[in-house]
Amino acid sequence: MRIVHTITDLRAALAGTQRPAFVPTMGNLHEGHLSLVRQACEKSDVTVASIFVNRLQFLPHEDFDSYPRTFEADCAKLNAEGCSIVFAPKEKDLYPEPQTFKVQPDAALADILEGEFRPGFFTGVCTVVMKLFQAVFGTTGGGTAVFGQKDYQQLMVIRRMVQQFALPIDIVAASTARADSGLALSSRNGYLSDEQRVQAMALSQALKSLAEAARQGGDLAQLEAQAMDALRAKGWTPDYLTVRQRSNLLTPADARSGDLVALGAARLGGADGTRLIDNLEF
Ligand code: PAF
(Lines give C-alpha, C1' and ligand atoms only; values in the text may rest on other atoms or scores of the structure.)
Protein backbone atom coordinates (compact mmCIF):
# COMPACT_ATOMS: atom_id res chain seq x y z
CA MET A 1 0.00 0.00 0.00
CA ARG A 2 1.36 3.40 -0.96
CA ILE A 3 0.82 6.52 1.10
CA VAL A 4 0.86 9.82 -0.79
CA HIS A 5 0.21 13.37 0.33
CA THR A 6 0.01 15.53 -2.80
CA ILE A 7 -2.24 15.46 -5.86
CA THR A 8 0.87 15.18 -8.06
CA ASP A 9 2.09 12.09 -6.17
CA LEU A 10 -1.39 10.59 -6.21
CA ARG A 11 -1.66 10.98 -9.98
CA ALA A 12 1.82 9.47 -10.39
CA ALA A 13 0.79 6.51 -8.22
CA LEU A 14 -2.34 6.09 -10.38
CA ALA A 15 -0.48 6.31 -13.70
CA GLY A 16 -1.91 3.72 -16.10
CA THR A 17 -4.85 2.93 -13.80
CA GLN A 18 -8.32 2.94 -15.32
CA ARG A 19 -11.39 3.51 -13.16
CA PRO A 20 -10.13 2.95 -9.60
CA ALA A 21 -12.50 2.69 -6.65
CA PHE A 22 -12.40 5.45 -4.06
CA VAL A 23 -13.47 5.78 -0.42
CA PRO A 24 -13.27 9.33 0.97
CA THR A 25 -12.90 9.50 4.77
CA MET A 26 -11.92 11.86 7.55
CA GLY A 27 -9.94 9.07 9.23
CA ASN A 28 -10.46 7.56 12.69
CA LEU A 29 -11.56 4.49 10.80
CA HIS A 30 -13.97 1.94 12.22
CA GLU A 31 -15.71 -1.14 10.87
CA GLY A 32 -18.18 1.05 8.94
CA HIS A 33 -15.37 2.62 6.90
CA LEU A 34 -13.68 -0.73 6.42
CA SER A 35 -16.87 -2.23 4.99
CA LEU A 36 -16.82 0.62 2.41
CA VAL A 37 -13.21 -0.24 1.58
CA ARG A 38 -14.13 -3.92 1.13
CA GLN A 39 -16.90 -2.93 -1.29
CA ALA A 40 -14.48 -0.67 -3.14
CA CYS A 41 -11.96 -3.54 -3.46
CA GLU A 42 -14.69 -5.63 -5.10
CA LYS A 43 -15.28 -2.91 -7.71
CA SER A 44 -11.72 -2.36 -8.87
CA ASP A 45 -8.19 -3.77 -8.66
CA VAL A 46 -7.02 -0.37 -7.43
CA THR A 47 -8.64 1.14 -4.34
CA VAL A 48 -7.82 4.61 -3.06
CA ALA A 49 -8.86 5.80 0.42
CA SER A 50 -8.44 9.43 1.40
CA ILE A 51 -7.90 10.66 4.94
CA PHE A 52 -8.55 14.36 5.31
CA VAL A 53 -10.37 16.26 8.06
CA ASN A 54 -12.04 18.94 5.98
CA ARG A 55 -12.17 22.27 7.79
CA LEU A 56 -14.70 23.64 5.26
CA GLN A 57 -17.48 21.39 6.52
CA PHE A 58 -17.18 22.33 10.21
CA LEU A 59 -18.87 25.34 11.82
CA PRO A 60 -16.63 27.47 14.07
CA HIS A 61 -18.05 25.94 17.28
CA GLU A 62 -17.84 22.35 16.00
CA ASP A 63 -15.20 19.68 16.68
CA PHE A 64 -12.68 20.33 13.87
CA ASP A 65 -9.75 20.75 16.30
CA SER A 66 -10.67 17.82 18.51
CA TYR A 67 -11.75 15.47 15.70
CA PRO A 68 -9.75 12.28 16.37
CA ARG A 69 -6.68 11.94 14.13
CA THR A 70 -5.38 8.37 14.21
CA PHE A 71 -3.29 8.20 11.04
CA GLU A 72 -0.98 5.27 11.87
CA ALA A 73 -3.80 3.04 13.07
CA ASP A 74 -5.94 4.03 10.05
CA CYS A 75 -3.17 3.07 7.62
CA ALA A 76 -2.68 -0.30 9.33
CA LYS A 77 -6.42 -1.03 8.97
CA LEU A 78 -6.51 0.05 5.32
CA ASN A 79 -3.46 -2.07 4.53
CA ALA A 80 -5.11 -5.11 6.13
CA GLU A 81 -8.19 -4.60 3.93
CA GLY A 82 -6.13 -4.56 0.72
CA CYS A 83 -6.36 -0.82 0.00
CA SER A 84 -3.82 0.13 -2.72
CA ILE A 85 -3.24 3.84 -2.09
CA VAL A 86 -3.87 6.15 0.87
CA PHE A 87 -4.22 9.79 -0.12
CA ALA A 88 -3.58 11.87 3.00
CA PRO A 89 -3.12 15.49 1.95
CA LYS A 90 -2.17 18.17 4.43
CA GLU A 91 -4.36 21.26 4.39
CA LYS A 92 -1.79 23.14 2.31
CA ASP A 93 -1.84 20.31 -0.28
CA LEU A 94 -5.58 20.43 -0.81
CA TYR A 95 -6.13 24.11 -0.06
CA PRO A 96 -2.83 25.81 -1.04
CA GLU A 97 -4.73 29.09 -1.10
CA PRO A 98 -8.09 30.00 0.46
CA GLN A 99 -10.75 27.96 -1.37
CA THR A 100 -12.79 30.84 -2.75
CA PHE A 101 -14.43 28.76 -5.51
CA LYS A 102 -16.97 26.45 -3.90
CA VAL A 103 -19.55 23.91 -4.99
CA GLN A 104 -22.97 25.23 -3.95
CA PRO A 105 -25.48 22.39 -3.74
CA ASP A 106 -29.19 22.70 -4.48
CA ALA A 107 -30.71 24.51 -1.48
CA ALA A 108 -33.91 22.44 -1.65
CA LEU A 109 -31.86 19.38 -0.81
CA ALA A 110 -28.94 20.82 1.14
CA ASP A 111 -30.50 23.52 3.34
CA ILE A 112 -32.90 21.17 5.13
CA LEU A 113 -32.26 18.64 7.93
CA GLU A 114 -28.45 18.56 8.39
CA GLY A 115 -28.12 21.76 6.35
CA GLU A 116 -30.59 23.58 8.59
CA PHE A 117 -28.67 22.71 11.74
CA ARG A 118 -25.19 22.86 10.16
CA PRO A 119 -25.42 25.78 7.69
CA GLY A 120 -22.80 25.51 4.95
CA PHE A 121 -22.04 21.88 5.79
CA PHE A 122 -22.93 20.52 2.36
CA THR A 123 -21.09 23.31 0.54
CA GLY A 124 -18.00 22.21 2.49
CA VAL A 125 -18.65 18.55 1.73
CA CYS A 126 -19.35 19.09 -1.99
CA THR A 127 -16.32 21.32 -2.39
CA VAL A 128 -13.90 18.85 -0.86
CA VAL A 129 -15.50 15.83 -2.54
CA MET A 130 -15.32 17.55 -5.93
CA LYS A 131 -11.68 18.32 -5.27
CA LEU A 132 -10.94 14.76 -4.12
CA PHE A 133 -12.78 13.40 -7.18
CA GLN A 134 -10.60 15.57 -9.45
CA ALA A 135 -7.49 14.36 -7.64
CA VAL A 136 -8.38 10.67 -7.80
CA PHE A 137 -10.33 10.40 -11.05
CA GLY A 138 -8.89 13.29 -13.07
CA THR A 139 -6.53 11.02 -15.02
CA THR A 140 -8.30 7.66 -14.75
CA GLY A 141 -11.39 8.03 -16.95
CA GLY A 142 -13.57 8.20 -13.84
CA GLY A 143 -14.30 5.23 -11.60
CA THR A 144 -16.38 4.27 -8.57
CA ALA A 145 -16.81 6.07 -5.24
CA VAL A 146 -18.32 4.38 -2.18
CA PHE A 147 -20.30 6.36 0.43
CA GLY A 148 -22.04 5.14 3.58
CA GLN A 149 -25.80 5.27 3.86
CA LYS A 150 -25.51 6.44 7.46
CA ASP A 151 -24.92 9.91 6.02
CA TYR A 152 -28.13 9.60 4.02
CA GLN A 153 -28.52 13.23 2.99
CA GLN A 154 -24.82 13.52 2.14
CA LEU A 155 -25.12 10.51 -0.16
CA MET A 156 -28.11 12.12 -1.94
CA VAL A 157 -26.35 15.45 -2.31
CA ILE A 158 -23.23 13.77 -3.76
CA ARG A 159 -25.33 11.70 -6.16
CA ARG A 160 -27.05 14.87 -7.45
CA MET A 161 -23.71 16.65 -7.77
CA VAL A 162 -22.27 13.78 -9.82
CA GLN A 163 -25.38 13.69 -12.00
CA GLN A 164 -25.59 17.46 -12.59
CA PHE A 165 -21.88 17.83 -13.35
CA ALA A 166 -21.98 14.65 -15.50
CA LEU A 167 -18.97 13.25 -13.64
CA PRO A 168 -17.93 9.81 -14.96
CA ILE A 169 -18.21 8.33 -11.47
CA ASP A 170 -20.48 5.53 -10.26
CA ILE A 171 -21.65 6.21 -6.73
CA VAL A 172 -22.13 3.08 -4.63
CA ALA A 173 -24.17 3.27 -1.41
CA ALA A 174 -23.00 1.01 1.41
CA SER A 175 -25.42 0.02 4.15
CA THR A 176 -24.84 1.27 7.68
CA ALA A 177 -22.62 -0.85 9.92
CA ARG A 178 -24.10 -1.19 13.41
CA ALA A 179 -23.07 -2.38 16.86
CA ASP A 180 -25.09 -5.31 18.27
CA SER A 181 -27.19 -2.74 20.15
CA GLY A 182 -28.29 -1.16 16.86
CA LEU A 183 -26.10 1.92 17.35
CA ALA A 184 -24.83 3.11 13.95
CA LEU A 185 -21.02 3.07 13.87
CA SER A 186 -19.54 6.57 13.76
CA SER A 187 -16.21 8.17 14.54
CA ARG A 188 -18.06 10.43 16.98
CA ASN A 189 -19.14 7.37 19.04
CA GLY A 190 -15.61 7.64 20.42
CA TYR A 191 -16.73 10.73 22.35
CA LEU A 192 -19.32 8.67 24.29
CA SER A 193 -18.76 7.33 27.82
CA ASP A 194 -19.55 3.64 28.45
CA GLU A 195 -22.87 4.65 29.96
CA GLN A 196 -23.73 6.91 27.00
CA ARG A 197 -22.83 4.14 24.57
CA VAL A 198 -25.63 2.05 26.13
CA GLN A 199 -28.03 5.04 26.05
CA ALA A 200 -27.07 5.77 22.43
CA MET A 201 -29.03 2.82 21.06
CA ALA A 202 -32.17 4.87 21.83
CA LEU A 203 -31.69 6.88 18.60
CA SER A 204 -32.03 3.91 16.25
CA GLN A 205 -34.89 2.60 18.41
CA ALA A 206 -36.67 5.97 18.20
CA LEU A 207 -36.42 5.91 14.41
CA LYS A 208 -37.77 2.39 14.31
CA SER A 209 -40.75 3.34 16.51
CA LEU A 210 -41.39 6.47 14.44
CA ALA A 211 -41.35 4.45 11.21
CA GLU A 212 -43.75 1.89 12.68
CA ALA A 213 -46.13 4.58 13.92
CA ALA A 214 -45.97 6.43 10.56
CA ARG A 215 -46.76 3.23 8.70
CA GLN A 216 -50.02 2.95 10.72
CA GLY A 217 -51.09 6.43 9.54
CA GLY A 218 -51.98 9.40 11.73
CA ASP A 219 -50.72 12.94 11.88
CA LEU A 220 -47.04 12.84 10.92
CA ALA A 221 -46.07 16.15 12.58
CA GLN A 222 -47.62 14.92 15.80
CA LEU A 223 -45.83 11.56 15.61
CA GLU A 224 -42.53 13.32 15.00
CA ALA A 225 -43.11 15.67 17.97
CA GLN A 226 -43.95 12.68 20.18
CA ALA A 227 -40.79 10.87 19.04
CA MET A 228 -38.67 13.92 19.89
CA ASP A 229 -40.34 14.24 23.32
CA ALA A 230 -39.69 10.55 24.04
CA LEU A 231 -36.00 11.02 23.18
CA ARG A 232 -35.81 14.18 25.32
CA ALA A 233 -37.21 12.18 28.25
CA LYS A 234 -34.19 9.87 27.85
CA GLY A 235 -31.73 12.77 28.18
CA TRP A 236 -31.23 13.63 24.51
CA THR A 237 -31.41 17.00 22.79
CA PRO A 238 -32.86 16.20 19.37
CA ASP A 239 -32.42 18.48 16.34
CA TYR A 240 -34.93 16.52 14.28
CA LEU A 241 -36.67 13.16 14.03
CA THR A 242 -38.65 13.11 10.85
CA VAL A 243 -40.17 11.01 8.08
CA ARG A 244 -39.33 12.02 4.51
CA GLN A 245 -39.69 10.76 0.95
CA ARG A 246 -36.57 8.89 -0.13
CA SER A 247 -36.58 10.56 -3.53
CA ASN A 248 -36.27 14.21 -2.42
CA LEU A 249 -36.30 14.32 1.40
CA LEU A 250 -39.59 16.23 1.39
CA THR A 251 -42.45 15.48 3.77
CA PRO A 252 -44.79 12.84 2.27
CA ALA A 253 -48.46 13.64 1.73
CA ASP A 254 -49.30 10.19 3.09
CA ALA A 255 -46.86 8.35 5.36
CA ARG A 256 -48.32 5.00 4.30
CA SER A 257 -47.17 5.56 0.73
CA GLY A 258 -43.86 3.65 1.00
CA ASP A 259 -40.40 4.64 -0.24
CA LEU A 260 -39.87 6.63 2.93
CA VAL A 261 -36.98 7.19 5.30
CA ALA A 262 -36.96 8.18 8.97
CA LEU A 263 -34.03 10.45 9.73
CA GLY A 264 -32.78 11.71 13.07
CA ALA A 265 -30.07 13.87 14.59
CA ALA A 266 -29.71 14.38 18.33
CA ARG A 267 -27.16 15.24 20.97
CA LEU A 268 -26.46 13.00 23.91
CA GLY A 269 -24.99 14.63 27.04
CA GLY A 270 -26.69 18.04 27.03
CA ALA A 271 -26.87 20.82 24.47
CA ASP A 272 -23.06 20.61 23.94
CA GLY A 273 -23.05 16.81 23.95
CA THR A 274 -22.12 14.37 21.19
CA ARG A 275 -24.25 14.83 18.07
CA LEU A 276 -25.24 11.55 16.41
CA ILE A 277 -27.25 10.95 13.24
CA ASP A 278 -29.02 7.87 11.93
CA ASN A 279 -31.73 6.86 9.47
CA LEU A 280 -34.00 3.98 8.56
CA GLU A 281 -35.62 3.32 5.20
CA PHE A 282 -39.11 1.84 5.32
O1 PAF B 1 -18.47 11.47 5.31
C2 PAF B 1 -17.35 11.96 5.54
O3 PAF B 1 -16.54 11.39 6.27
C4 PAF B 1 -17.01 13.32 4.94
O5 PAF B 1 -18.12 14.16 4.87
C6 PAF B 1 -16.31 13.20 3.57
C7 PAF B 1 -17.24 12.60 2.54
C8 PAF B 1 -15.05 12.36 3.70
C9 PAF B 1 -15.91 14.59 3.07
O10 PAF B 1 -15.03 15.22 3.95
Side-chain angles (χ1 to χ4, degrees), residues 5 7 10 20-37 39-40 47-59 62-71 73-75 77-78 83 85-91 93-95 99 102-105 109-110 113-115 117-137 143-162 165 167 169-177 184-191 263 265 274-279:
H5 300 286
I7 296 179
L10 174 62
F22 174 46
V23 181
T25 83
M26 297 206 299
N28 193 231
L29 305 183
H30 50 68
E31 177 51 33
H33 296 109
L34 301 181
S35 72
L36 308 189
V37 173
Q39 292 203 35
T47 294
V48 181
S50 63
I51 298 177
F52 181 69
V53 185
N54 174 39
R55 188 187 290 274
L56 291 189
Q57 69 191 73
F58 288 79
L59 287 169
E62 291 184 336
D63 55 346
F64 174 77
D65 287 330
S66 58
Y67 199 86
R69 285 148 173 98
T70 52
F71 185 65
D74 292 345
C75 287
K77 288 175 187 170
L78 290 169
C83 177
I85 301 172
V86 176
F87 177 45
K90 303 259 184 289
E91 257 194 313
D93 298 317
L94 217 51
Y95 301 130
Q99 184 70 31
K102 296 198 174 134
V103 179
Q104 186 71 53
L109 186 59
L113 304 171
E114 284 304 282
F117 289 91
R118 304 182 72 191
F121 171 69
F122 288 115
T123 300
V125 169
C126 287
T127 302
V128 78
V129 169
M130 180 64 99
K131 206 150 183 180
L132 292 167
F133 280 175
Q134 298 297 345
V136 175
F137 298 119
T144 300
V146 187
F147 287 82
Q149 237 179 334
K150 189 187 77 92
D151 298 296
Y152 198 89
Q153 191 178 4
Q154 169 173 281
L155 174 63
M156 282 188 76
V157 169
I158 299 293
R159 273 194 198 286
R160 291 265 179 100
M161 179 180 85
V162 165
F165 284 109
L167 303 179
I169 299 167
D170 298 326
I171 300 296
V172 171
S175 54
T176 305
L185 299 191
S186 161
S187 296
R188 291 191 170 97
N189 292 352
Y191 299 148
L263 302 122
T274 302
R275 188 173 185 278
L276 301 177
I277 62 171
D278 201 354
N279 64 80

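Order of listing sets the numbers, starting from 1, for every ligand and every atom in it. For reference, positions follow the sequence shown, starting with 1.
- Residues forming a salt bridge (Lys or Arg N to Asp or Glu O under 4.0 Å) with Arg188 (at least two apart in sequence, or on another chain): Asp63.
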Less than 3.5 Å apart, N/O on ligand 1 and N/O on the protein: could you list those pairs with the distances?
{"unit_1": "ligand 1", "atom_1": "1 (O)", "unit_2": "Gln154", "atom_2": "NE2", "d": "2.9"}
{"unit_1": "ligand 1", "atom_1": "5 (O)", "unit_2": "Gln57", "atom_2": "NE2", "d": "2.9"}
{"unit_1": "ligand 1", "atom_1": "5 (O)", "unit_2": "Gln154", "atom_2": "OE1", "d": "2.8"}
{"unit_1": "ligand 1", "atom_1": "10 (O)", "unit_2": "Gln57", "atom_2": "OE1", "d": "2.7"}

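- The environment of CZ in Phe117 is crowded: more than 12 heavy-atom neighbours from other residues, nucleotides or ligands sit within 6.0 Å.
- Counted by atom type alone, Tyr95 and Asn54 present one or more donor-acceptor pairs between their side chains at under 3.5 Å.
- Judged by a 6.0 Å distance limit and a 45° cone about the ring axis, Arg69 is positioned over the six-membered ring of Phe64.
- Counting only residues at least two apart or on different chains, the side-chain hydrogen bond (donor to acceptor under 3.5 Å, both in side chains) pairs with a member in residues 126-136 are Gln99-Lys131.
- When the salt bridge (Lys or Arg N to Asp or Glu O under 4.0 Å) test is applied to Arg118, the partners found at least two apart in sequence or on another chain are Glu62.
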